[in-house]
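Residue numbering restarts at 1 for every chain, and letters A, B, ... go by the order of the sequence lines. Worth knowing before you read on, the calculation uses all heavy atoms, side chains too, and leaves out hydrogens, waters and symmetry mates.
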Amino acid sequence: MSKKLTSKQEDILLQDYSRSLSTKSNALFYGNGLIVSAVPIMLFWRIHMMDPYQNAPLFAAVVLGCSYLIAFAYKNVKFVVKHRISQVREDAISQELTQEAPKGKKVSKKERDDMLLWRKNEVADYEATTFSIFFNNVIFLLLVVFLSFFLLRSSSNLVNYLLSMLLSSGFVALLSTGSGAGKR
Amino acid sequence: TDTASAMSQLTACAFLIGLVIFTCGAAADSDGGAQLIGVKSIANNLIVKGMDVTVQYDIYNVGDKAAMNVQLEEDGFPIDYFAVRSGFQHVRWTRLPPGANVSHTLILTPLQTFVFNASHAVMRYKVSDEATGSTVGYTTSPGEIAVIETADYDRQFSAHAMDWLTFGMMTTPSIIIPFLLWYASVRKYSNLASHSSRKNN
């Protein structure tokens with residue numbers, strides 16, 4: 001006979017297995033994507049000597065496009081990593097809850113299971129978010145520097161900027177859809 | 001036939017006269033006199049707007065006598081396009097002995113970005129003490145030179161150390177902060193997990 005889940009457990013599980021993000025997570029991802037996409041402008045301005053005022057429309061368009069792709073990558077990597085983390089952290093979180101439980105007060109098994117599920121989701125969400133941002137930012141920035149200063153060094157500034165930014169963000173987005181990222 | 005013979009006699013006379021003139025000329029050359037060769041060269045590999053250009057003049061006396069009152073005149077760098085940083089565009093040496101040479105350096109700063117034809121400078125000198133008039137000679141011409149923008153030069157050659165440092169500082173928050181937050185959580189729960197496994201053992 002299957003065990004019936006409480007509505008709270010259902011909510012946590014739905015949240016856990018859903019790709020949809022809260023408003024806060026969305027804001028965090030798009031905000032970070034915007035910042036990390038805008039940082040290379042400084043390189044193209046100071047080293048490749050691209051005038052920021054003349055190229056402002058180009059910069060704006062490319063930054064918006066790259067922000068979207070990077071935020072997409074953040075979401076995908078977070079989704080994959082979150083499940084792995086929640087499996088790995090179960091024992092540690094259980095231990096933490098035991099330590100935090102007020103001495104003398106009896107906690108029912110149902111309450112404890114709810115707490116464990118909720119805390120597991122919270123920790124996995126936090127770690128997956130921070131890891132996803134770190135991982136994707138490193139890959140994106142390394143690729144931009146490599147493409148811009150090695151592969152596309154002899155290209156014109158316009159081609160250099162377009163290709164290095166879009167290829168890097170595109171690669172990061174593509175990488176995020178790799179093994180496990182698309183599976184539930 | 002009278003006309004033909006007159007023509008042939010005229011031709012013969014003209015040839016003889018020409019031969020005499022040539023012989024006299026050769027004799028005059030073999031009398032000696034100063035002969036100057038001038039080399040004008042640009043020391044820079046790249047000519048950049050706002051950066052110094054070094055123009056080197058070398059004058060060699062390959063003649064038998066000392067060249068007197070040697071003057072070097074450089075009017076090939078217009079003031080609208082070049083500013084003189086060091087050296088003179090009109091230089092004079094009193095005497096240049098045979099077999100000797102002199103050098104002169106002119107340092108200029110290009111004021112604009114353009115393609116410039118660097119032509120010869122003019123040398124005036126007397127071939128000997130006794131000579132009455134001046135002889136005019138020309139230095140070599142470096143040819144066409146392109147003055148490039150400072151931005152293009154910096155793009156290619158500048159180390160941009162400060163720019164890279166600034167870029168590093170700007171990327172630090174996007175990389176270090178998420179890493180530290182993630183690592184702090186990983187360490188906390190790894191310690192808890194290892195503590196728990198030690199307790200069970």
Is it the case that B/Tyr189 and A/Glu127 place a side-chain donor and acceptor less than 3.5 Å from each other?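 Absent: no donor and acceptor within the cut-off.
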Toward chain B, the part of [X] with a non-hydrogen atom under 4.5 Å:
X	result
A/Tyr126	side chain
A/Arg46	both
A/Val88	neither
A/Phe149	side chain

Kindly say whether [Y] contributes a backbone atom to a donor-acceptor pair with the side chain of [X] at under 3.5 angstrom?
X	Y	value
B/Lys49	B/Phe114	no
B/Ser185	B/Leu181	no
B/Asn61	B/Ala100	no

Are A/Phe59 and A/Phe44 near enough that their ring centres are under 6.0 Å apart? no
Of A/Ile35, A/Val123, A/Asn32, A/Thr129, the largest count of non-hydrogen pairs under 4.5 angstrom with chain B goes to A/Val123
Option that, when pairs with chain B are counted at under 4.5 Å, heavy atom only, ranks first among A/Val36, A/Val145, A/Leu43: A/Leu43
